[in-house]
Undergrad: 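So that we are looking at the same thing, I have put the structure below in structure tokens.
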Amino acid sequence: FYLFGGVAMVLSFFLGSAPDLGWTLYSPQTSSRFSPFLGFNVGAAALVLLIASVTLSSVNFIVSILKMRAPGLKLKYMSSFTWAMLVTVFMMLYAFPSLLAAVIILFSDRAFGTVYFSSIEGGPLLWNNIFWFFGHPEVYIVLFPAIGLVGDILPTFTRRPLYGSKYIIMSMIAAAVISFMVWGHHMFITGINPQVTKLFTLTTIAVSLPFDVITISMIETLVRAKIRLKAPALFAIGSIALFIIGGITGVFLASVALDTELRGTYFVVAHFHYVMVGGAIMALIGGVYYWFPKMTGKMYDERMARIHFILSFIGFNVLYFPMFLLLDMPRRIFTYPPETGWGGLNSISTVGAFVFGLAQILLFVNIWRSRKLGTPVGPNPWESWTLEWAVSSPPPIHNFETIPTISSDGVVNFSGSTPHGVGDGHASQPAHLSQWPIAIALASFLFLLGLTTSRTPPNLLLLIPGIVVGLGSLYGYGRETFVVQEDENLESWPFQKISRLKLGVWTFLASEVILFGVLIGAYLFVRLNPLTMTWPAVGTVFNIQHGATNTFILLTSSLTVVMAVLTARSGSRTGLIVSLLATLGLGTWFLYNKAIKWEELAVGGIFTSHPLTATSYYITTGVHGIHVFAGLAMIAYLLVNAFRRKYLGGGYTTVQHFGLYWHFVDIVWVFLFPLFYLI
């Protein structure tokens, strides 16, 4: 999905115009009035594929870390990088659904004529709220892996434990939570309520405090240490120094008064890049050097790496520090008259940009040259303590010949069992190796291109192959047999009694809560907006009896799903098939009723008489309807296998996992029914 999302974004450049309005995609510039090109729609499809990739990988990381740790590897013994990745993927799981909701609404406004972002009641403020709920946590999503890397590199090259490691972990968790409460500081100059700006000032200052703890702990690790100044350590220390500058200058922007003057100037550009490039990218480059011997079994050229660091550090500061002094220069301009006095500082920045950019060539030359000519190294050239250095360099595909165990004092030994798929010291064919996932991603790519490369009707030359390939690949994938080994010896607190698959389903549904929460939030934003004209009275537009009937249908379908689980557990094949057929029929009935109501409202002119009401109703119930349709496809898959006598007795858990999804979809409708029909 990540691959095809990138391909779709590149294709958007060749379809009139790519999404060229900056990464914030501010409304109303993104409307079809100001950006009529189809390339913008294809860019939206690319983002949908990217978000699908993010969601799937986040679920995978979370379940793997929480359910598949080596015996004795308690959470407190996990490395800083693993902790940082766990916090990061949790943030991704909750932040990216907000971006998905924004993209869905934006595409609907552009393609179907809805008015969320083109109305005065929604407009730029609605986009700002939805986008920055994703956008500010995204800053820490990029930053936290770098912090975790520095937390692993410093102990290795100082030969001492990371100072206050548990406080660093607690601070990352605290910063992750608070980061979802500060999005409003990006909106200080938009005219939002002054009382609200005070609240976001407090949360913005609060989110900086955990980073103070992290920075101080890392500096303390360096105090009186005999530091080996290898390239990874240089980039890690440089990252800390640059992050301090970026962090301090960011605190200024928490002030409404200062932000009013500095917002939209090059001061913000400098602050942002000192955090994202200085703090994050410099540390990640250090990580490349740190793990290069592990990945290749060869040592890089240390002298060239040090020159790379010196040029990068100097070039970076020459590039971005002058921007702090450009307090009155607006962002996003490419030319200015000489009398402004900005030319000198911009010339200095340009020199720094060339130095910093050209320095990165040394990294790629070093990698290419060292991979062929580098000195061979053993499994642990740095004498580090984390588990990846306990295997050969490069590591075998199965990682460990025997599963390591960790004693109560954190000591590692390798007298454990042989991992699944490993025999006689060699890796067997990797489990679950399949060609179908890439076929499913290709089908999604073709389907979304079919929707976005033509206005009306959709491009059938792409849409139909997408559907055909999708159905075929789903069928092929469904016929494969997967066996998930639940090893009881692995560390899995606090989820010892929950299987990996069930935890995966629950984790996925957690992201779905955010998606529907944001869609409902958008409805409430326009519904409760003081500018909103009188909302249609209860029962005048949406028939209460129709909504109640659909609610009864879905609640009944939840009952039939429960019956399917119970009959599968008891071994009744007939009961399972009948229950699944009943659920399929009820779900189809629900969608049929919904389609009839949609048509009645459209023919009745709801978009003319109540455009904002129609927008909120069609988008919210439409996304819910897609989820119902996906559930029906799952039921069809279950039915095929039920006729083949699967899921009976101990195999009922697959039906149970589907039931969790179906109950969630039903619960969402329980919220939508009163919002649209009764209030």
Undergrad: So that I know where these two stand, are W382 and Y289 an aromatic pair - ring centroids less than 6.0 Å apart?
TA: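 For W382 and Y289, the ring centres are not under 6.0 Å apart.
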Undergrad: Between Y320 and H273, is the ring centroid distance below 6.0 Å?
TA: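 Between Y320 and H273, the centre distance is under 6.0 Å.
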Undergrad: Does the side chain of N346 come under 3.5 Å of the side chain of Y336 through a donor N or O and an acceptor N or O?
TA: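 Yes.
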Undergrad: Please output the side-chain donor-acceptor pairs of residues 83-95 that fall under 3.5 Å, not counting sequence neighbours, one pair per line with the distance.
TA:
residue : atom : partner : partner atom : Å
W83     : NE1  : L75     : O            : 2.7
T88     : OG1  : A84     : O            : 2.7

Undergrad: Any ion pair linking K74 and E491 (charged N to carboxylate O, less than 4.0 Å)?
TA: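 Salt bridge present between E491 and K74.
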Undergrad: Would you verify whether the NZ or CZ of R332 falls within 45 degrees of the ring axis of W23 while also being under 6.0 Å from that six-membered ring's centre?
TA: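 Geometry flag: not set, cation outside 6.0 Å or 45°.
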Undergrad: Will you find, in the side chains of W183 and N128, an N or O donor that is under 3.5 Å from an N or O acceptor?
TA: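 No, N128 and W183 have no side-chain donor paired with an acceptor closer than 3.5 Å.
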Undergrad: So, S384 versus Y290: side-chain donor-acceptor pair below 3.5 Å or not?
TA: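 The answer is yes; a qualifying pair exists.
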Undergrad: Centre-to-centre under 6.0 Å for F4 and F1, is that the case here?
TA: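 No, they do not, as the ring centres are separated by 6.0 Å or more.
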Undergrad: Could you check whether W291 and E388, counting side-chain N and O atoms only, form a donor-acceptor pair closer than 3.5 Å?
TA: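 Side chains of E388 and W291: pair found under 3.5 Å.
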Undergrad: My understanding is that only residues two or more places apart in sequence, or in another chain, count here; which of them pass ring-ring contact (aromatic ring centres under 6.0 Å, His included) with F309?
TA: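 Testing F309 for ring-ring contact (aromatic ring centres under 6.0 Å, His included), a comparison that skips the adjacent residues, returns F235, F313.
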Undergrad: Assess the side chains of Y300 and E302: does a donor N or O sit below 3.5 Å from an acceptor N or O?
TA: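 A pair is found: one side chain offers a donor N or O, the other an acceptor, under 3.5 Å apart.
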